[in-house]
Amino acid sequence: MKRYDFRAIEKKWQERWARERTFRTLGPGDPGFDASRPKYYVLDMFPYPSGAGLHVGHPLGYIATDIVARYKRMRGHNVLHPMGFDAFGLPAEQYAIEHGVHPRVTTEKNMETMRRQLRALGLGYDWDREIATIDVRYYKWTQLIFLRMYDSWYDADADRARPIADLERLLEKGERLAGPEGVAIPGGARTPSGEAPRPWASLSRKEQEAFVDAQRLAYLAEVPVNWCPALGTVLANEEVTPEGRSERGNHPVYKRPLKQWMLRITAYARRLLDDLDLVDWPEPIKMMQRNWIGRSEGAMVRFAVAGTGEAIEVYTTRPDTIFGATYMVLAPEHPLVEKIAAPDRAAEVRSYREAAARRSDVERQADAREKSGVFIGARAVNPATGKEIPIWIADYVLMGYGTGAIMAVPAHDERDFAFAKEFGLPIRPVVLPSPEWLNAQRTTREAYLRDPAALDAVYSGEGEGVGSSNAEVSLDGLRTDRAKEAIVSWLERKAIGAAKAQFKLRDWLFSRQRYWGEPFPLLHGNGGRVRAAGEGDLPVVLPEMEDFRPAVSGDPETPPKPSLARAPEEWRIVTIDGERWEREHNTMPQWAGSCWYYLRFIDPKNDDRLVDPEKERYWMSPGGVDLYLGGVEHAVLHLLYARFWHKLLYDLGCLSTKEPFGRLFNQGYIQAYAYTDDRGVYVDAARVVEEKDGTFTFEGKPVSRAYGKMGKSLKNAVTPDELVAEYGCDSFRLHEMYMGPIEVSKAWSTHEIVGMHRFLLRIWRNFFDEKTGALLVREERTPEDLLRLLHRTIRTVTDDLENLRFNTAIAALIELNNALVGRGGLPRAVAEPLVLMLAPMAPHFCEELWEALGGEGSVAAAPWPACDERYLVCDEVEIVVQVMGKLRGKISVPADAREEIVRERAAADPGVQRHLEGKTIRKVIFVPGRLINFVAS
RNA sequence: GCGAGAGUGGCGGAACCGGCAGACGCGCUGGAUUUAGGAUCCAGUGAGGAGACUCGUGGGGGUUCGAGUCCCCCCUCUCGCACCA
């Protein structure tokens with residue numbers, strides 16, 4: 001072959017890989033499977049088959065994992081490297097609506113486009129394992145997992161999920177009791193509410209059913225949910241931005257109480273938090289999950305409402321400040337407000353509550369600093385001081401966290417302080433500030449204790465208790481942590497409080513009113529009864545519908561109308577034993593299918609179980625997926641949900657590991673310039689022209705330049721297709737990997753690809769005479785210096801690939817190749833390892849060279865070159881000579897030269913002599929093999 | 001406001017444990033080839049200086065024989081969280 005004809009080469013090898021099924025992965029049970037090899041499971045985050053196809057930002061991660069997969073295979077691993085499509089969900093449905101076609105049609109077409117683009121990049125996936133969440137053979141198992149959740153409860157004492165049948169048996173035998181807050185154990189601690197659990201037999205059949213239903217991990221509940229009328233569906237907390245808008249489409253979201261299906265992810269809060277220690281993930285991602293789960297340590301305390309039988313439960317992280325609780329605040333929505341508000345305050349209370357209900361989260365956010373609220377005319381008794389304190393309602397207390405009520409300690413909490421100052425409530429210090437803090441506030445201990453309100457600042461730190469004692473307990477002089485212990489044990493003794501860990505994490509709202517999702521395997525009967533479909537009745541197939549459009553609206557008062565409510569009756573209505581049942585109308589959210597797809601890749605065609613246990617053990621044990629690569633945008637959504645499902649399946653005995661993804665890696669974004677017109681609307685960046693004066697125009701009109709993540713929304717996408725056509729996909733792959741570290745975001749620059757293309761051309765010329773086409777590789781003795789460079793390169797490249805440092809691995813290979821330029825022929829002992837090391841990154845190119853070298857089979861199956869340590873040590877080394885820490889010369893000495901010899905030789909160097917002239921050497925620093933430094937004066 | 005990370009040539013980025021700053025690539029300059037452009041190839045390329053040398057890793061200080069790297073203070077940028085009791 002004369003010139004590097006990448007078109008012919010890439011076509012040839014892609015066809016051969018497909019024909020010979022080069023990347024087919026064998027697992028336990030497959031003929032020819034070699035169980036003695038170690039496994040390596042490398043996975044890309046499940047892509048969404050979008051209508052726009054791939055842009056150059058998408059393959060960044062795919063190329064990286066492909067390189068790792070190919071490298072690990074050459075290192076002798078059995079590699080699982082599959083690909084599939086997360087094809088249910090809102091965007092797919094939106095796209096279908098926009099194009100007036102059924103989502104199945106558009107989705108299939110998009111998948112085909114993506115498959116073609118991925119193949120064109122030479123990605124070595126095992127396409128025999130391809131899965132799509134919309135396939136009935138796949139979502140049957142998604143539905144089965146849901147059934148398992150529905151049929152499970154969380155045993156807090158065993159700290160794991162168990163089948164509902166176990167609960168019923170335990171309740172009947174009296175080994176568990178039906179408590180007001182859930183399942184209780186006999187003789188267990190009294191709950192803070194003080195209500196005693198009831199014996200099972202004393203409950204009516206209906207009460208028993210209701211109790212059991214309330215324990216299920218998938219349960220129906222009426223709770224305030226995020227209703228997005230513009231999308232026509234409710235959304236999970238994770239899908240709503242901090243501004244109170246939908247993550248998708250940026251539409252307004254309203255809180256509405258609606259009856260919806262929930263998944264009890266909160267039962268797993270502690271394990272989801274603690275088990276982050278088991279995985280090798282980027283620290284920021286762990287941090288984000290920890291933040292989202294939001295554990296805090298504190299206590300529940302009951303405050304009696306004076307003159308009534310009612311009590312207010314509060315949660316506090318600072319029980320040690322209870323003596324400073326001078327008033328209480330309930331969230332405006334708190335159910336107790338109606339019961340205890342004084343009649344003469346009713347009008348004011350009602351108007352405040354209505355105003356609060358009308359205010360969106362965005363508005364509450366906007367004026368977070370200004371405190372508002374009203375006194376409701378009732379008083380509570382501070383159990384520590386015995387004094388009556390006023391009860392207020394205020395929207396700075398949120399119904400969604402803790403109990404929706406607080407004890408306010410204005411002396412030691414900023415929010416309470418601001419509120420107390422606003423409304424003239426008493427501020428009573430009970431913790432001594434540190435001397436440093438008092439100094440910074442230019443005050444003294446005495447002045448502070450006399451009037452803490454005189455300052456603008458609040459002391460919310462830790463310190464010794466002061467003024468905190470009653471007849472039974474004293475916190476005076478105790479440090480905060482000791483004070484907490486003392487007061488909690490007192491509260492527990494008095495049965496008015498208990499220590500408790502609290503989580504920010506809420507249960508997962510799991511139903512959507514859209515069409516394009518997995519139907520729930522559930523049936524609704526008369527009188528609100530619910531029954532699950534039998535496992536044998538799965539799959540519940542999504543019905544074909546002419547009009548699948550969601551009922552969207554701009555009015556937040558519109559009730560949700562699920563699309564499946566309009567499904568044909570033969571789908572909706574099921575008759576069992578003469579009784580009519582109606583199928584659940586909601587569908588599952590987009591995240592459902594991606595919660596467990598990594599398990600299905602292990603055994604994608606199994607119609608009898610979701611995954612074969614032997615195969616699961618082989619590919620998942622011990623650390624789960626060995627490398628999971630994707631963007632940070634899934635930090636809390638997908639990654640938290642998937643971990644939750646995984647733990648549940650683990651509890652039910654389906655899986656062998658506690659965590660799904662042992663090692664996670666985030667790729668950075670590809671960013672690019674984007675352009676907006678005078679209305680601020682993005683215009684197609686590809687058609688923007690740069691004028692001579694440096695300004696930019698679109699269709700003749702000036703536009704301004706912005707910068708951001710490449711994609712559809714900024715209209716600045718560049719597709720890989722043209723680049724691959726012009727330079728070949730091997731150049732493209734190298735270029736994407738060479739741009740910088742995989743984990744950092746970087747700017748796209750199309751023209752820089754020529755660098756990598758030239759690199760390949762340069763290798764080609766080292767291998768072939770371009771005039772004659774003759775191979776220039778010879779069976780000759782390799783010079784010593786070249787061997788040393790080669791083995792240094794092997795070590796560098798191996799080390800870099802292990803650590804996903806593709807940019808420096810490529811740089812090392814360029815250096816090696818540059819050393820071969822102009823030699824006129826190269827020894828086989830260098831040519832072969834060079835081809836092998838480059839093969840994971842430029843696979844087609846290297847297959848061609850490997851074939852020309854007479855290599856056996858595909859280069860993908862060839863062994864990785866070994867580094868010979870003997871060539872890493874040199875006899876002669878260059879030593880840097882410094883005078884007073886500045887470089888003054890270099891000398892070459894034997895590697896094992898002793899200090900005296902080096903010193904003598906270094907001092908003889910003319911450059912060094914010049915700088916030592918007239919000075920006395922006071923000290924000599926000698927680092928063997930590296931440097932010698934004369935300290936002189 | 002709180003937390004995390006990052007600031008290195010014209011640009012993307014290298015630099016193991018504190019030991020030659022700027023590997024490698026783009027761009028640029030010069031040359032070759034070409035009718036020409038493009039593409040390709042060869043050489044050079046941190047700044048200042050004729051030179052010996054000097055200065056250079058956001059700014060300031062420190063530790064050290066020696067600091068991009070370690071410590072303290074400050075500035076800028078990116079990301080995450082933000083009434084969570």
Side-chain angles (χ1 to χ4, degrees), chain A residues 3 242 282-292 294-296 298-299 314-319 321 325 329 331 364-365 367-371 394-398 400-409 412-416 418-419 460 502-506 632 635-636 668 734-735 738-741 743-749 751-759 761-762 765 770 796 799 805 807-818 821-822 878-890 911 914-915 922-927 929-936:
Chain A
R3 278 182 36 252
E283 205 46 48
I285 299 283
K286 288 190 179 185
M287 215 50 227
M288 282 158 80
Q289 291 221 348
R290 287 195 190 108
N291 263 327
W292 190 262
R295 183 190 172 98
S296 63
V314 300
Y315 175 71
T316 176
T317 53
R318 291 296 298 272
T321 63
V329 186
R364 281 199 184 190
Q365 193 88 19
D367 47 30
R369 262 143 293 278
E370 293 156 38
K371 295 282 181 284
D395 67 0
Y396 83 92
V397 172
L398 310 171
Y401 188 74
T403 61
I406 60 157
M407 63 174 209
V409 184
H412 304 293
D413 180 283
E414 276 187 48
R415 299 151 298 177
D416 298 344
F419 191 83
S460 55
Q502 182 81 24
F503 296 92
K504 265 200 296 190
L505 184 71
R506 308 283 82 194
V632 270
V636 280
L734 284 167
H735 174 54
Y738 193 66
M739 286 170 64
E743 69 275 15
V744 305
S745 292
K746 46 216 158 231
W748 178 255
S749 58
H751 68 270
E752 285 183 4
I753 193 175
V754 300
M756 289 303 106
H757 193 63
R758 286 177 197 152
F759 168 47
L761 289 171
R762 212 148 51 231
R765 281 196 306 275
E770 285 195 294
T796 306
D799 199 47
R805 290 190 301 248
N807 55 332
T808 46
I810 294 167
L813 290 170
I814 294 173
E815 258 183 288
L816 175 61
N817 186 59
N818 285 350
V821 170
E878 194 175 62
I879 296 258
V880 170
V881 186
Q882 296 181 335
V883 179
M884 296 300 286
K886 282 190 195 297
L887 175 71
R888 298 300 175 189
K890 290 175 191 178
R914 205 166 43 239
H915 288 275
R922 289 191 311 168
K923 199 172 166 188
V924 178
I925 312 283
F926 178 61
V927 184
R930 296 203 93 120
L931 130 168
I932 186 158
N933 184 13
F934 294 99
V935 185

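Given the structure is predicted, the values throughout are model-derived calculations rather than measurements. Naming: A, B, ... by sequence-line order, numbering from 1 per chain.
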P atoms of G22(B) and G1(B), separation to the nearest Å: 40 Å
Whichever of F759(A) and I406(A) has its nearest RNA chain B nucleotide further upstream toward 5': F759(A)
Nearest-angstrom distance from the residue atom NZ of K886(A) to P of U54(B): 6 Å
Pairing partner (Watson-Crick or G-U wobble, both distances under 3.5 angstrom) of A32(B): U40(B)
Sugar-phosphate, base or nothing in reach of S296(A), heavy atoms under 4.0 Å: sugar-phosphate
Sugar-phosphate, base or nothing in reach of M287(A), heavy atoms under 4.0 Å: nothing
Contact check, side chains of Q882(A) and I932(A), non-hydrogen atoms, under 4.5 Å: no
Sugar-phosphate, base or nothing in reach of R290(A), heavy atoms under 4.0 Å: nothing
In G9(B), glycosidic geometry as syn within 90° of 0 or anti otherwise: syn
Rounded interatomic separation in angstrom, taking CD1 from I925(A) and P from G18(B): 16 Å
Length of the line joining Q882(A):CD and A67(B):C1', which is rounded to integer Å: 12 Å
Touch class at under 4.0 angstrom, heavy-atom based, for E878(A) against every strand present: base
Residue pair Y396(A) / I406(A), side-chain heavy-atom distance below 4.5 Å: yes
Separation between the P atoms of G49(B) and U63(B), rounded to whole Å: 34 Å
Syn/anti state of C17(B) by chi, 90° boundary around 0: syn
Watson-Crick or G-U wobble partner of C53(B), both distances under 3.5 Å: G48(B)
Sugar-phosphate, base or nothing in reach of R922(A), heavy atoms under 4.0 Å: nothing
G5(B) to C70(B) separation - P atoms, rounded to the nearest Å: 12 Å
Donor-acceptor under 3.5 Å (R506(A) side chain, F503(A) main chain): yes
Euclidean distance, atom CD1 of residue I814(A) to atom P of G12(B) [Å, nearest integer]: 18 Å
Pairing partner of G12(B) (Watson-Crick or G-U wobble, both distances under 3.5 Å): C24(B)
Sugar-phosphate, base or nothing in reach of V636(A), heavy atoms under 4.0 Å: nothing
C1' gap between G18(B) and G68(B), integer Å: 11 Å
Separation of atom CG in N818(A) from atom P in A14(B), rounded to whole Å: 19 Å
Distance below 4.0 Å between R888(A) side-chain N/O and G66(B) OP1 or OP2: no
Donor-acceptor under 3.5 Å (K504(A) side chain, N291(A) main chain): yes
Short side-chain N/O contact to C65(B) OP1/OP2 from K923(A), under 4.0 Å: yes
Complement of A67(B), any strand, by Watson-Crick or G-U distances under 3.5 angstrom: none
Distance between C1' atoms of G10(B) and G60(B) (Å, rounded): 28 Å
Between CD1 on residue I879(A) and CZ on residue F926(A), distance to nearest 0.5 Å: 5.0 Å
Sugar-phosphate only, base, or nothing, as touched by H751(A) at under 4.0 Å among non-hydrogen atoms: sugar-phosphate
Presence of R758(A) side-chain N/O under 4.0 Å of G25(B) phosphate oxygens OP1/OP2: no
F503(A) CZ - A85(B) C1' separation (whole Å): 16 Å
Any R762(A) side-chain nitrogen or oxygen under 4.0 Å from OP1 or OP2 of G25(B): yes
Reported OH-to-CD1 distance for the pair Y738(A) and I814(A), which is rounded to 0.5 angstrom: 4.5 Å
Complementary nucleotide of G3(B), counting Watson-Crick and G-U pairs under 3.5 Å: C79(B)
Distance, C1' atom - from G30(B) to C24(B), rounded to whole angstrom: 22 Å
Interatomic distance where CD belongs to E743(A) and C1' belongs to A6(B) [whole Å]: 12 Å
Residue met sooner reading RNA chain B from 5', once H915(A) and G885(A) are mapped to nucleotides: H915(A)
Side-chain donor/acceptor of T316(A) to backbone N/O of R318(A), under 3.5 Å: yes
Proximity to the side chain of N933(A) - top-ranked nucleotide from C24(B), C65(B), C53(B): C65(B)
Sidechain-backbone polar pair: Y315(A) side chain, G298(A) backbone, donor-acceptor under 3.5 Å: yes
Sugar-phosphate only, base, or nothing, as touched by N807(A) at under 4.0 Å among non-hydrogen atoms: sugar-phosphate
G27(B) base / E752(A) side chain donor-acceptor hit below 3.5 Å: no
Atom pair distance, as rounded to whole Å: CG in L887(A) and C1' in A21(B): 11 Å
R914(A) side chain vs R888(A) backbone, donor-acceptor pair below 3.5 Å: no
Whole-angstrom distance between U45(B) and A4(B), as gauged at atom P: 43 Å
Y738(A) side-chain N/O to G25(B) phosphate OP1/OP2 under 4.0 Å: no
Atom P, compared across G19(B) and A67(B): separation rounded to whole Å: 11 Å
Below 4.0 Å: OP1/OP2 of C24(B) and any side-chain N or O of N817(A): no
